[in-house]
Amino acid sequence: MTLEPVNLSEALASFDDVYSPRIVARMNDYDVRIAHARGEHVWHVHDDTDEFFLVLEGGFDIALRDADGTERMVQLRKGDTFVVPKGVEHKPSSEGGSILMFEPSGTLTTGDRFTGEVPDHVDSTVGHEL
Ligand code: NI
């Protein structure tokens, strides 16, 4: 736990990996994480938690799949926020961007369940230290 401020621009510039979140802050039992995004993530679901996204740079899309299999896409740009509700299958993708996420510590990037294989460019992690 640091008592120093964290600058998000500097934090984002300190690593290049995509879909490999860094934890910039912890608040109660939640993490504030940032990540670079490029390419397709994997369909996954968080059974017990919502997941908050804020787009810091570029664009970030989230495909959502309803219980009946219907899919839709939300397209987010810098400054947009969105919450994926718990239990909703989702797959992020991006042509390039960076995001901030807010979710309980220990939440896996690939959820409690995922579909298919995790691509090489997706880190299945609970987040890394900055
Ligand atoms: Ni997720």
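Just so you know, ligand 1 is whichever comes first in the structure, and atom 1 is the first atom listed for that ligand. Fair warning: this is a prediction, and the values are worked out from it, not measured in the lab.
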Chemist: Of the backbone and side-chain N, O or S atoms of E51, does one lie nearer to the Ni ion (ligand 1) than 2.8 Å?
Modeler: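 It does: E51 brings an N, O or S atom closer than 2.8 Å to the Ni ion (ligand 1).
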Chemist: Does a side-chain heavy-atom distance below 4.5 Å link F15 with R22?
Modeler: yes
Chemist: Parallel, tilted or perpendicular, judged at 30° and 60°: which one describes the rings of H44 and H41?
Modeler: tilted
Chemist: Only to 10 degrees, please: what angle do the NE2 atom of H46 and the NE2 atom of H90 make about the Ni ion (ligand 1)?
Modeler: 110°
Chemist: Restricting to N/O/S atoms, is H41 within less than 2.8 Å of the Ni ion (ligand 1) or not?
Modeler: no
Chemist: With a 4.5 Å limit on heavy-atom distance, are the side chains of P92 and D61 in contact?
Modeler: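 With C-beta onward as the side chain, the pair stays apart.
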Chemist: Which atom, counting only N, O or S, brings H44 closest to the Ni ion (ligand 1)?
Modeler: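 Minimum-distance N/O/S atom of H44 relative to the Ni ion (ligand 1) is NE2.
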Chemist: With heavy-atom distances below 4.5 Å as the criterion, would you say the side chains of L108 and F114 are in contact?
Modeler: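 No, side chains not in contact.
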